[in-house]
Participant: 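Below is one structure. I have some questions about it.
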Number of protein chains: 2
Amino acid sequence: MEKLIAENDCRACMHRWENFKTLTDEQKQLISEHRYEANFKPGEIIFKKGSPTSSVIFLVSGMAKVFLEGLDGKNIIISIAKPGMMISGPGTYGDLRHHFTLTALTNVKACFIDMLVMKQLVHLNSSYAEGLISDISKKSLLMYYKLIGLTQKKMPGRLADAILYLANQIYESDEFDIILNRQELGEFTNMAKESVIRILKDFEDDGLITSNCSRIKILDKPKLQRVSENG
Amino acid sequence: MEKLIAENDCRACMHRWENFKTLTDEQKQLISEHRYEANFKPGEIIFKKGSPTSSVIFLVSGMAKVFLEGLDGKNIIISIAKPGMMISGPGTYGDLRHHFTLTALTNVKACFIDMLVMKQLVHLNSSYAEGLISDISKKSLLMYYKLIGLTQKKMPGRLADAILYLANQIYESDEFDIILNRQELGEFTNMAKESVIRILKDFEDDGLITSNCSRIKILDKPKLQRVSENG
DNA sequence: CAAAAAAGATGATATATATCACTTTTGAGT
DNA sequence: ACTCAAAAGTGATATATATCATCTTTTTTG
């Protein structure tokens, strides 16, 4: 019960953010005074590429997809956001516009914090500033490896990466109900949905996974890791 | 003459960095006291992926390539560094290791500044910290568009992008001696060197450019831009 | 300056992957 | 429970692009 309340409380959620620790009580209070919550249904846009970066967002509950809107309406999903994550893009300290779109995959409760308050913290607290730099750097690093993966690995390697990412980073379990459909799995791995389906089937035939529509179970993780590494 | 001296002086070089303006004289002095210079010949490694991030680098003169070392020795050139640029990677505020390699393309004079000093500045000067965040964000943004370009554009579009990048950002002229060979142009655009050669020839046949080995001249920039946008 | 090495160029072939057209299954709403 | 729309799945075909083999040109170096 206690856990449930914590899960749904905006303030509790922010505590999960690594960088929150660097703030004084006063600074935490400052954030609390400038936050508001909003709920989203699956498919709803939380923020859209091109719109002003007026707030920074914490995901309180639910899952969302972060994606680049590419050419001819082709998207690239760059990550899945889950509770406790702070989401802010590179436009926050640039043109003040979002450069990716954030869409709810499930019911989502999000906590919006005024961007000006968050920016103030950089000036008030240098440890926070350092933490923020570290945070942005980590995301930048992910993009490097995403770029290598998407341009240099073949389809089975990319799909294996996606499955391992979901299992390890998102669901923290080797069996899960995937919230991405085949199309979205394609947007995450840069492949056509038909190819996702075919290779998923190959994985099943090879005994790497079982996949019943939305449910995926990893049967042979070491082998899946090898597929990820070799192609 | 005066210009030449300025070009080759480490301190003068840093002044070109946008974020340098935010520093006090005392802080500028601090940097000056912790810098040292080194010279590199074409092909020499300035820093290598995996090595410790002990310094931040300013390019005083010459050009260098920033590249990711991908799978099976296949590289991805992410940018060309030219004088006045501050080069530091996402590992600086993370695992303290470089995640890309920096190699001299011409004779290079580089100015190394102790990383600890640079990190100290984040704590001493919040405007500097904000500038650094802005700097990192800008680089992150470039990676987004690089990812879209490399995964969604076809070869002619990617190669057009590369030529426009070199003309607009690097040489600031529509005619230039390219310091990247065909292999490297391929590493920049994610294509085989043979494909670079073929499409470069197509561009010539279509009157977009002239290309005599290392010299490239853009003849029809609007058309080249259209190639960049449409594929 | 000649020899060797590196880079550029070219054509033939192989292959990974997208696209298209279609069928089947699943799930949501009345 | 029935209907309809969306998602999943399948096979045939098209295509962008890499790879390989080979040759030529340019650059480097003893």
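Residue numbers begin at 1 in each chain, while the letters A, B, ... track the order of the sequences.
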Participant: Can you tell me if A:Arg182 touches the phosphate of D:dG9, counting only side-chain N or O atoms and a distance under 4.0 Å to OP1 or OP2?
Facilitator: yes

Participant: With a 4.0 Å limit, can you tell me whether A:Ser195 has a side-chain N or O closer than that to the phosphate oxygens OP1/OP2 of C:dA18?
Facilitator: yes

Participant: Scan B:Asn190 against the nucleic acid and name what it touches under 4.0 Å (heavy atoms): base, sugar-phosphate only, or nothing.
Facilitator: sugar-phosphate

Participant: Measure the distance from CG on A:Leu185 to C1' on C:dA18 and round it to the nearest whole Å.
Facilitator: 17 Å

Participant: By the 4.0 Å heavy-atom rule, please label B:Lys193 as base, sugar-phosphate, or nothing.
Facilitator: nothing

Participant: Output the single nucleotide from D:dG11, D:dA21, D:dA8 whose closest atom is nearest the side chain of A:Asn181.
Facilitator: D:dA8

Participant: Where is the tightest heavy-atom contact between A:Ile46 and A:Ala104, given as atom of each residue plus distance?
Facilitator: CD1-N, 4.0 Å

Participant: Can you measure B:Asp177 atom CG to D:dT27 atom P for me and round it to whole angstrom units?
Facilitator: 11 Å

Participant: Could you please name the option among D:dT17, D:dT10, D:dA21 that lies closest to any side-chain atom of B:Glu194?
Facilitator: D:dA21

Participant: What's the closest nucleotide to the B:Ile197 side chain, out of C:dA21, C:dA9, C:dA18?
Facilitator: C:dA9

Participant: Specify the separation, in whole Å, of atom CG of B:Leu200 and atom C1' of C:dA7.
Facilitator: 14 Å

Participant: How close or far is atom P of C:dT17 from atom CG of A:Leu159, stated in whole angstroms?
Facilitator: 12 Å

Participant: Between B:His99 and A:Tyr145, what is the ring plane arrangement, given parallel below 30°, perpendicular above 60°, and tilted in between?
Facilitator: perpendicular

Participant: On the 0 to 90° scale, with breaks at 30° and 60°, tag the B:Tyr165-B:Phe188 ring pair as parallel, tilted or perpendicular.
Facilitator: tilted

Participant: A:Lys154 has a side chain; which of D:dA18, C:dT19, C:dA16 sits nearest to it?
Facilitator: C:dA16

Participant: In terms of the angle between their ring planes, are B:Phe100 and B:Phe47 parallel, tilted or perpendicular, with boundaries placed at 30° and 60°?
Facilitator: tilted

Participant: Given atom CE of B:Met191 and atom P of C:dT17, what is their separation to the nearest angstrom?
Facilitator: 18 Å

Participant: Could you give the CD1-to-P distance, from B:Ile178 to C:dG8, as a whole number of Å?
Facilitator: 10 Å

Participant: Choosing from D:dT17, C:dT17, D:dG9, which nucleotide comes nearest the side chain of A:Arg158?
Facilitator: C:dT17

Participant: Atom OH in B:Tyr93, atom CE in B:Met115: separation rounded to 0.5 Å?
Facilitator: 7.5 Å

Participant: Starting from P on C:dT17, measure out to CD on B:Gln152 and report it in whole angstrom.
Facilitator: 16 Å

Participant: Consider the side chain of B:Ala192, meaning its heavy atoms from C-beta on, and name the nucleotide among D:dT10, D:dA18, C:dA18 that approaches it most closely.
Facilitator: D:dA18

Participant: Given atom CZ of B:Arg198 and atom P of D:dC20, what is their separation to the nearest angstrom?
Facilitator: 13 Å

Participant: Hey, which sits more toward the 5' end of DNA chain C by its nearest nucleotide, B:Ser214 or A:Pro156?
Facilitator: B:Ser214

